[in-house]
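For reference, the structure discussed in these notes is given below.
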Amino acid sequence: MPLLPQGTEVLAGLEMGGIPIVTVLSQVTGIPAAFIRKKPKTYGTCRYSEGASLASKQFVLVEDVVSSGGAIIDALEKLKADGLSPTAALCVIDRETGGKEALASAGLILKSLFTFSQVENPR
């Protein structure tokens with residue numbers, strides 16, 4: 001898959017939009033999936049990350065649509081606090097409203113399948 005960085009070991013989907021995407025990507029690629037919650041639940045495992053372990057793994061964050069990049073930055077802060085660092089962020093659509101730049105400022109590359117311009121003005 002051209003968007004996946006070489007050596008990706010886990011696909012980490014952000015709640016909610018990224019979860020169905022990583023589920024399908026995991027099935028297609030055979031790469032394990034993890035799900036990143038906005039905040040931990042107060043019951044069950046009480047963790048913000050479920051599924052495949054991210055510890056000592058090369059992983060990417062996956063989102064459906066990126067506007068400001070805020071949801072990814074929020075997840076990035078939690079992950080970094082736990083010593084975890086994704087190699088990139090992937091999305092289906094980059095709305096081209098500052099998210100890519102905000103993520104670059106946070107030290108994370110955003111790769112998109114489509115941009116809003118491509119979807120709005122198909123060739």
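This one's a predicted model, so the numbers in the text were calculated from it and none came from an experiment. In what follows, residues are counted from 1 in the order of the sequence shown.
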Tightest non-hydrogen contact, residues T87 and P5, listed as OG1-CG, 3.9 Å
Find out if a path of hydrophobic residues (ILVMFWY) with successive side-chain heavy-atom gaps under 4.5 Å connects L61 to V66. yes
For F116, I'd like to know if atom CZ has over 12 heavy atoms of other residues, nucleotides or ligands within 6.0 Å. no
CG (L3) and CG (L110) are apart, to the nearest 0.5 Å, by 9.5 Å
Begin from the C-alpha positions of Q27 and V24 and carry the test side-chain contact (heavy atoms from CB on, under 4.5 Å) through to its verdict. CA-CA 5 Å; Q27 290 295 308; V24 171; 5.6 Å; no
Rounded at 0.5 Å granularity, tell me how far CG in L4 sits from CG in L90. 6.0 Å
Are any of the side-chain heavy atoms of L11 and V60 separated by less than 4.5 Å? yes
Can you see which heavy atom on I31 is nearest to which on S26, and at what distance? O-OG, 2.6 Å
How many angstroms lie between atom CD1 of I109 and atom NZ of K100, to the nearest 0.5 angstrom? 9.0 Å
Give the cluster check for M16 versus V62: same hydrophobic cluster or not, with ILVMFWY residues linked at side-chain heavy-atom distances below 4.5 Å. no
In this structure, CD1 of I73 is separated from CG of L103 (nearest 0.5 Å) by 5.0 Å
Is S68 reaching over with its side chain to a backbone N or O of G99, donor-acceptor style, under 3.5 angstrom? no
Give the cluster check for V119 versus V65: same hydrophobic cluster or not, with ILVMFWY residues linked at side-chain heavy-atom distances below 4.5 Å. yes
Given F59, which partner from the list P86, S85, S53 fulfils the side chain to side chain contact (heavy atoms under 4.5 Å, CB included) test? P86
Show the numbers, then the answer: is there a side-chain contact (heavy atoms from CB on, under 4.5 Å) between D74 and K38? CA-CA 8 Å; D74 290 346; K38 293 174 183 163; over 6 Å; no
Between NZ of K78 and CZ of R47, what distance do you get to the nearest 0.5 Å? 14.0 Å
Straight-line distance of K57 NZ to T8 OG1, nearest 0.5 Å: 12.5 Å
Taking all heavy atoms of D94 and all of E96, pick out the closest pair and write down the distance. OD1-N, 2.8 Å
Check whether E120 reaches the backbone of S117 with its side chain - one donor and one acceptor, N or O, closer than 3.5 Å. no
Applying the 4.5 Å side-chain criterion to the ILVMFWY set and letting contacts propagate, would V92 and L14 be lumped into a single cluster? no
Exercise: identify the closest heavy-atom pair between G17 and I21: O-CD1, 3.5 Å
Kindly determine whether L54 and S49 satisfy side-chain contact (heavy atoms from CB on, under 4.5 Å), including the steps that lead there. CA-CA 8 Å; L54 302 176; S49 176; 3.8 Å; yes
Within a 6.0 Å radius of atom CZ on R37, are there more than 12 heavy atoms belonging to other residues, nucleotides or ligands? yes
Which atom of I36 lies closest to which atom of A75, heavy atoms considered: CG2-CB, 4.1 Å
Linked, directly or transitively: L108 and V10 (ILVMFWY side chains, under 4.5 Å): yes
Are the side chain of E63 and the backbone N or O of I72 linked by a donor-acceptor pair below 3.5 Å? no
Answer yes or no: is there a donor N or O on one side and an acceptor on the other, between the side chain of T97 and the main chain of S67, under 3.5 Å? yes
Using every non-hydrogen atom in the two residues, find where Q6 and Q58 come nearest and quote the distance to one decimal. O-OE1, 3.7 Å
